There are 2 protein chains.
Amino acid sequence: MKSTGPRSDTVSTTGDFVSTAGAEPAQGYTLLLDDQLCFALYAASRAVTARYRPLLEELGLTYPQYLVMLVLWEQDSISVRDLGAALQLESSTLSPLLKRLEAGGLLRRERRTDDERSVAIRLTESGAQLKERARTVPMDIGDAMGLTPEQHTTTKQLLRTLTANVSQV
Amino acid sequence: MKSTGPRSDTVSTTGDFVSTAGAEPAQGYTLLLDDQLCFALYAASRAVTARYRPLLEELGLTYPQYLVMLVLWEQDSISVRDLGAALQLESSTLSPLLKRLEAGGLLRRERRTDDERSVAIRLTESGAQLKERARTVPMDIGDAMGLTPEQHTTTKQLLRTLTANVSQV
DNA sequence: CCCGATTAAGTCGTACACAACTAATTCATG
DNA sequence: CATGAATTAGTTGTGTACGACTTAATCGGG
């Protein structure tokens, strides 16, 4: 296997399969699972989450909960709305998740007095302390990913471009 | 926001790390959300799935169901086990999903006679016919992703490398 | 040939994810 | 300043995901 190297061959639009001219939707768009970037993305995302699981379990967090904590460790107080904007999650996902984190004693939710529609999320002492224990997590995962710094940066950049394009209305 | 932060743009790649020795876990591993490749991956995956949603809704499929159908359109009969291997999903995820596809009349599940532990998944006529209506989906999504063919290939390759590394036991 | 180990599919419990909706509050414009 | 539109958080219903477990069937060494 591995016909040529990684990259370099640009999908061989070089015409080594010319047949099936009619019904095929032109240039390399097939229904083959292995052709789909979307599947590579979906599989990679779940694989990374799975890799996080044992590490985060020690901290008593799930992966989405960990992402919420990342935001809160940067910014001690934030509204549900802004948290949703940062993580690109709906309130219908965040509300129960935040309730669980509150039950776990990591944060508090308090209605804002200046705008009672809004709820401020704030770390507890316990939640703030968890940051220390989480310090090594990004490095552990980074190692497991096994990409060179250049590959790491390239991937992040490509995924951001992709997300921005795909999110376009 | 964008409060400068310590070393805001990590994108150097040009080989100039300043290596903040001491408490910091060396070379660019921070707890900042925007530094995390894992988050870019998670966000991209959900954004792509969201983009698929209206297209697949017309076919009466969810995104994971669509992936199952991709496999079946390639290979008319397959065991739950092999399907799980192809999609990297557990039987506890697939079993209910397949039950829903069966209820929708797209496939049948029948116990194998030569090994009664195994269940063969097989397309119905209706399931096979759906392939035609799905033909343009990959192209529609491909367009929405807005990557050049080179970027597309590179991303797919990087994600596969990442998945393989991260899945290592 | 027998019995413990393995394998295949499925159930159950927990936690996302999101669309569609609701309730409460604030905004904006006449 | 009154009231309809917009905003914010939350609820409900459906469908993944996965670990831990169960059940049934097959395998393999003595």
Side-chain angles (χ1 to χ4, degrees), chain A residues 38-39 42-54 56-57 60-69 78-85 87-104 107-121 167, chain B residues 39 42-54 56-57 59-69 78-104 106-121 167:
Chain A
C38 72
F39 175 64
Y42 168 76
S45 180
R46 284 186 301 111
V48 168
T49 304
R51 186 71 176 214
Y52 268 104
R53 198 165 294 126
L56 295 180
E57 199 166 3
L61 296 174
T62 65
Y63 178 67
Q65 289 169 6
Y66 167 70
L67 294 179
V68 166
M69 295 305 288
I78 191 173
S79 66
V80 174
R81 179 196 123 87
D82 289 348
L83 195 54
L87 299 176
Q88 308 192 107
L89 288 172
E90 303 296 321
S91 71
S92 51
T93 299
L94 284 176
S95 286
L97 190 159
L98 292 170
K99 205 175 289 185
R100 283 186 281 272
L101 286 174
E102 188 178 36
L107 54 81
R108 262 189 294 274
R109 294 183 297 161
E110 31 193 69
R111 218 90 211 179
R112 290 216 163 122
T113 49
D114 55 329
D115 183 346
E116 299 224 340
R117 291 171 303 181
S118 189
V119 165
I121 309 298
S167 304
Chain B
F39 175 65
Y42 168 76
S45 180
R46 284 186 302 110
V48 168
T49 303
R51 186 70 176 215
Y52 268 104
R53 198 164 295 120
L56 296 180
E57 198 166 4
L59 307 183
L61 296 174
T62 65
Y63 179 66
Q65 288 169 6
Y66 167 71
L67 294 178
V68 167
M69 294 306 286
I78 191 173
S79 65
V80 174
R81 179 195 123 85
D82 289 348
L83 196 54
L87 299 176
Q88 309 192 109
L89 288 171
E90 303 295 321
S91 70
S92 52
T93 299
L94 283 176
S95 286
L97 191 158
L98 292 170
K99 204 175 290 187
R100 283 186 280 273
L101 286 174
E102 188 178 36
L106 298 181
L107 54 81
R108 262 189 294 273
R109 294 183 297 162
E110 32 194 70
R111 218 91 210 177
R112 288 215 165 122
T113 49
D114 56 328
D115 184 345
E116 299 223 342
R117 291 171 302 181
S118 189
V119 165
I121 308 299
S167 304

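Throughout, a chain's letter reflects where its sequence line sits, starting with A, and its residues are numbered from 1. As the structure is a computational prediction, the values presented were derived from the model and not from experiment.
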> Rounded to the nearest angstrom, tell me the gap between atom CG in A/Asp115 and atom P in D/dA9.
8 Å

> Flag the pair A/Leu61 / A/Leu101 as yes when at least one side-chain heavy-atom distance between them is below 4.5 Å, and no otherwise.
yes

> Find the distance A/Glu57:CD to D/dA17:P and express it as a whole number of Å.
20 Å

> Tell me whether the side-chain N/O atoms of B/Arg46 come closer than 4.0 Å to OP1 or OP2 in C/dC16.
no

> Only one of B/Leu97, B/Thr62, B/Leu87, B/Leu89 forms a side-chain contact (heavy atoms from CB on, under 4.5 Å) with B/Leu67, so which one is it?
B/Leu87

> Is the CD atom of B/Glu57 crowded by more than 12 outside heavy atoms at less than 6.0 Å?
no

> With a cut-off of less than 4.0 Å, is there a side-chain N or O of A/Arg81 near OP1 or OP2 of D/dT7?
no

> So what does A/Thr62 touch, heavy atoms closer than 4.0 Å: a base, only the sugar-phosphate, or nothing?
sugar-phosphate

> Rounded to whole angstrom units, what separation is found between the OH atom of B/Tyr63 and the P atom of C/dA19?
16 Å

> Rounded to the Å, how far apart are A/Arg51 CZ and D/dC18 P?
15 Å

> Return the 5'-most residue of the pair A/Pro96, A/Asp114 with respect to DNA chain C, ranking by each residue's nearest nucleotide.
A/Pro96

> Find the distance B/Leu89:CG to D/dC18:C1' and express it as a whole number of Å.
10 Å

> Return no unless some side-chain N or O of A/Thr93 is found under 4.0 Å from OP1 or OP2 of C/dA17.
no

> Please tell me if B/Lys99 has a side-chain N or O lying less than 4.0 Å from either OP1 or OP2 of C/dT11.
yes

> Tell me what A/Ser92 touches on the nucleic acid: a base, only sugar-phosphate, or nothing, going by heavy atoms under 4.0 Å.
base

> Quick one: is D/dT16 close enough that its OP1 or OP2 comes under 4.0 Å of any side-chain N or O from A/Tyr42?
no

> Reckon A/Leu97 touches a base, only the sugar-phosphate, or nothing at all at heavy-atom distances under 4.0 Å?
sugar-phosphate

> Taking all non-hydrogen atoms of both residues, which atom of A/Arg109 and which atom of A/Lys99 are closest, and how far apart?
NH2-CG, 3.6 Å

> Please report, rounded to the nearest Å, how far the C1' atom of C/dC27 is from the CZ atom of A/Arg117.
7 Å

> In terms of ring plane angle, is the pair B/Tyr42 and A/Tyr63 parallel, tilted or perpendicular, where the classes change at 30° and 60°?
perpendicular

> Taking all heavy atoms of B/Arg112 and all of B/Ile78, pick out the closest pair and write down the distance.
NH2-C, 4.1 Å

> Can you check the A/Leu83 CG to C/dA17 P distance for me, whole Å?
13 Å

> Output yes when at least one side-chain N/O atom of A/Gln65 is less than 4.0 Å from OP1 or OP2 of C/dC16, else no.
yes

> What does B/Thr49 touch in the nucleic acid at a heavy-atom separation under 4.0 angstrom: a base, only the sugar-phosphate, or nothing?
nothing

> Once you apply a heavy-atom cut-off of 4.0 Å, does A/Arg112 come out as touching a base, just sugar-phosphate, or nothing?
nothing

> Describe the nucleic acid contact of B/Ser118 in one word from base, sugar-phosphate, nothing, applying a heavy-atom distance below 4.0 Å.
sugar-phosphate

> D/dT16 P sits how many Å from B/Tyr66 OH, rounded?
15 Å

